[in-house]
Amino acid sequence: MLKIYNTLTGKKEIFKPIVEGKVGMYVCGNTVYDFCHIGHARAMISFDVISRFIRHLGYDLTYIRNITDVDDKIIKRAEENNESTQALTERMIAAQREDELALGNKMPDREPKATEFMQEIIDMVSILVEKGFAYQGASGDVYYRAAKFKDYGKLNNRKLEDMLAGARIEVEAAKEHPADFVLWKRAKEGEVAWDSPWGKGRPGWHIECSAMSTSCLGSHFDIHGGGPDLKFPHHENEIAQSEAATGKDYVNYWMHCGAVRVNNEKMSKSLGNFFTVRDVLAKFNPEVIRYLMVSSQYRSPIDYSDQSLQEAKVALERLYTALRQQSVADSYEPTEFTERFENAMKDDFNTAVAVSVLFELVRELNKAKTESPAMAPKLAAELRVLADLLGLLGQEPEYFLQNSTISEGLSETAIQTLIDERAQARKDKNFARSDEIRDELARQGIELLDSREGTTWTRH
RNA sequence: GGCCGGAUGGCAGAGUGGUCAUGCAGCGGACUGCAACUCCGUGAACGCCGGUUCGAUUCCGACUCCGGCCUCCA
């Protein structure tokens, strides 16, 4: 039985889909005006792992993740770059896909773009206007009337009155109430725009998700996820729009991953303290990032630093070392490790515990190599299957261990030449020369491992 | 000010009302020409003050500190 922490209730709840055996999940994706940073990577990886496990449990999952390709920041950035918004968003979408494939994610079933759902968005705004939940202000923008929706604030435990006190931003004169937000924004001269009953313009940020999720999954679906900074106002506003428009419950389980921090501060665009996925991929194998994300529970904050990446890398090396030169059986009987792994994952996707099970399995595998060789391939197979649920250990061990740091260094042939020379020296009992070679390679980050079968190496 | 979430061994990070997390680092041992890998063993923790309890790191309350949201941000 799967338990999920629901932001809406603040509790772990037993998961029960609306339609037995089927799950609809909508995750808020990125606004594509810049490269993905590590915070985006976390959200994408978290929900990838969640989707894998939901499927593993046998549910027929439909996983939707949108792309926001109309927005003020996109317009601004495109202007700065002197390119069209479309050229900018297309470039960034391609870059995102590249990053994500490198990180080992499986793609969502569908990635709807806001620009492809204009009619649905306009229709929903029209309904809200008709029902009195929206109005066109003096500025020409259409606003949502927050005070009219009695449950406004239910996701964040907030009351409209309380929010006034803390309002830090100057209220636009055209709004009836400070908490009102834009559904349709009037275009300025030269901006990308679509025709609407309220004049040429573009959708507000929140309405696109209400329209796309409803359009892809229906007006009431199981899971809605996103990053921690989307809880308010984005998801609160989505609830208000959707439930006012349809008169029905919108989403049963709201899920939010934790923040990635740098120096104990949230990594964010506005603080400018972000590292792009590309920055990190220049220094580490992408799986190292994935391991870092998955080694904590998805809701906990993660501290990002070179040191945390380095530690993740060392941990992964241990896992891969166990699979090195190890045959993997085609089939196996699941052991207690599978059960423990699955139980951890069923408890709100506790990947930290699931990963610890992987390490215990590895110890068992390492022991089996000498103590019960017939078991080893089966344990190796089990390890690979479980790790794959987290999107880990999909690479060839040799590849991971010998290329894990992408940097200039000794070529493989140069390394092999030295290893051959050392083998001769050892045969001649010239251990001084042998150690000299090993030390020299160690200085270059190459660690040698002697065994009966010969010498292998790992690049650190 | 309002609303959330934290505080665990040297570091990272789970979890539990009374026996094990796990990884890295440390220490002892096995293996090795010496190492490394691996294995075995081992020390080490639950912010502070009260309360409940036979017993609390785990439950309850106060306090201190930290983070997030309240404005665009995964």
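Numbers restart at 1 for each chain; the letters A, B, ... are given by sequence-line order, proteins then strands.
Residue-level contact check: A:E360 touches the backbone only, with heavy atoms under 4.0 Å from sugar-phosphate atoms and none from bases. Residue contacts shown for A:G39 include a base, since a base heavy atom lies under 4.0 Å away. Among the protein residues, A:N350 comes within range of the sugar-phosphate backbone only, with heavy atoms under 4.0 Å from sugar or phosphate atoms but none that close to a base. The residue A:R422 sits close to a base: some heavy atom pair falls under 4.0 Å. Using a 4.0 Å heavy-atom distance criterion, A:V27 is classed as making no nucleic acid contact. Contacts of A:H234 with the nucleic acid, taken as non-hydrogen atoms under 4.0 Å apart, are absent.
Remark: the separation of the P atoms in B:G28 and B:C37 is 16 Å, to the nearest Å. Using atom C1' as the reference point in both B:G9 and B:A14, the two lie 14 Å apart (nearest Å). On the C1' atoms, B:C46 is 16 Å away from B:C11, given to the nearest whole Å. Rounded to the nearest Å, the gap between the P atom of B:A25 and that of B:U38 is 9 Å. B:A36 and B:C24: their P atoms are spaced 14 Å apart (whole Å). Taking atom P in both B:G13 and B:A74, the straight-line distance is 23 Å, to the nearest Å. Separation of the P atoms belonging to B:U22 and B:C39 is 12 Å when rounded to the nearest angstrom. Distance check on atom C1': B:U42 versus B:G47 gives 28 Å, rounded to whole Å.
Here A:K369 does not reach the OP1 or OP2 of B:C39: none of its side-chain N or O atoms lies under 4.0 Å away. Note on A:S300: every side-chain N or O is 4.0 Å or more away from OP1 and OP2 of B:G6. The shortest distance between the side-chain N/O atoms of A:W457 and the OP1/OP2 oxygens of B:C37 is not below 4.0 Å. In terms of phosphate contacts, A:R318 brings a side-chain nitrogen or oxygen within less than 4.0 Å of OP1 or OP2 of B:U38. For the OP1/OP2 pair of B:C69 and a distance below 4.0 Å, the side-chain nitrogens and oxygens of A:K266 include at least one atom meeting the criterion. For the pair A:R261 and B:G68, the criterion of a side-chain N or O lying under 4.0 Å from OP1 or OP2 is not met.
Annotation: cation-pi geometry satisfied between A:R158 and A:F232 (NZ/CZ under 6.0 angstrom from ring centroid, within 45° of ring axis). Annotation: cation-pi pair A:K269/A:Y33 present, NZ/CZ under 6.0 Å from the ring centroid and within 45° of its normal. For the pair A:R426 and A:F431, the NZ or CZ position fails the cation-pi test of under 6.0 Å to the six-membered ring centre and within 45 degrees of the ring normal.
Between A:Y298 atom OH and B:A74 atom C1' there is a gap of 14 Å when expressed in whole angstrom units. In this structure, CG of A:N157 is placed 8 Å from P of B:G5, rounded to the nearest angstrom. The distance between atom CZ of A:R299 and atom C1' of B:G68, rounded to the nearest whole Å, is 14 Å. As rounded to whole Å, 14 Å separates atom C1' of B:C4 from atom NZ of A:K159. Following rounding to the nearest Å, A:R438 (CZ) and B:C37 (C1') show an atom-to-atom distance of 12 Å. A:N366 has its CG atom 15 Å from the C1' atom of B:A30, to the nearest Å. A:N6 places its CG atom 16 Å from the C1' atom of B:G5, with the value rounded to the nearest Å. Straight-line distance from the CZ atom of A:R426 to the P atom of B:A35: 13 Å, rounded to whole Å.
For a distance-only test at 3.5 Å, the side chain of A:D34 fails to qualify as a donor-acceptor partner of the base of B:C73. You'll find a donor-acceptor pair under 3.5 Å spanning the side chain of A:D435 and the base of B:G33, going by distance alone. Below the 3.5 angstrom threshold, one finds a donor paired with an acceptor across the side chain of A:S270 and the base of B:C72. Side-chain N/O atoms of A:S434 and base N/O atoms of B:G33 include a donor-acceptor pair closer than 3.5 Å. A donor-acceptor contact under 3.5 angstrom links the side-chain atoms of A:R158 to the base of B:C69.
Of the charged side-chain nitrogens involved, at least one lies within less than 4.0 Å of a carboxylate oxygen, so that A:E436 and A:R433 count as a salt-bridged pair. Using a 4.0 Å cut-off between a side-chain N of Lys or Arg and a carboxylate O of Asp or Glu, A:K185 and A:D72 qualify as a salt bridge. Of the charged side-chain nitrogens involved, at least one lies within less than 4.0 Å of a carboxylate oxygen, so that A:E176 and A:R145 count as a salt-bridged pair.
Checking side-chain atoms of A:S434 against main-chain N and O of A:N430 turns up no donor-acceptor pair under 3.5 Å. Checking side-chain atoms of A:D99 against main-chain N and O of A:V277 turns up no donor-acceptor pair under 3.5 Å. Between the A:R422 side chain and the A:R438 main chain, no donor and acceptor come within less than 3.5 Å of each other. Side chain of A:T85 to backbone of A:V192: no donor-acceptor contact under 3.5 angstrom is found.
For A:Y253 and A:F15, the distance between ring centers is under 6.0 angstrom. Remark: aromatic rings of A:Y250 and A:F221 are close, center separation under 6.0 Å.
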Toss me the dot-bracket line for RNA chain B: Watson-Crick and G-U wobble, both under 3.5 Å, 5' to 3', using | for pairs to another strand and [ ] for crossers.
(((((((..(((.....[...))).(((((.......)))))....(.(((..]....))).))))))))....
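Heavy atoms of other residues, nucleotides or ligands lying less than 6.0 angstrom from CD of A:Q307 number 12 at most. Around atom CD of A:E116, more than 12 heavy atoms belonging to other residues, nucleotides or ligands sit under 6.0 Å away.
Within residues 40-53 of chain A, the residues that place at least one heavy atom under 4.0 Å from RNA chain B are, in residue-number order, A:H40, A:A43. RNA chain B lies under 4.0 Å from at least one heavy atom of each of the following residues of residues 289-297 of chain A: A:S296, A:Q297.
Note: A:L88 CG to A:E79 CD = 11.5 Å, rounded to the nearest 0.5 Å.
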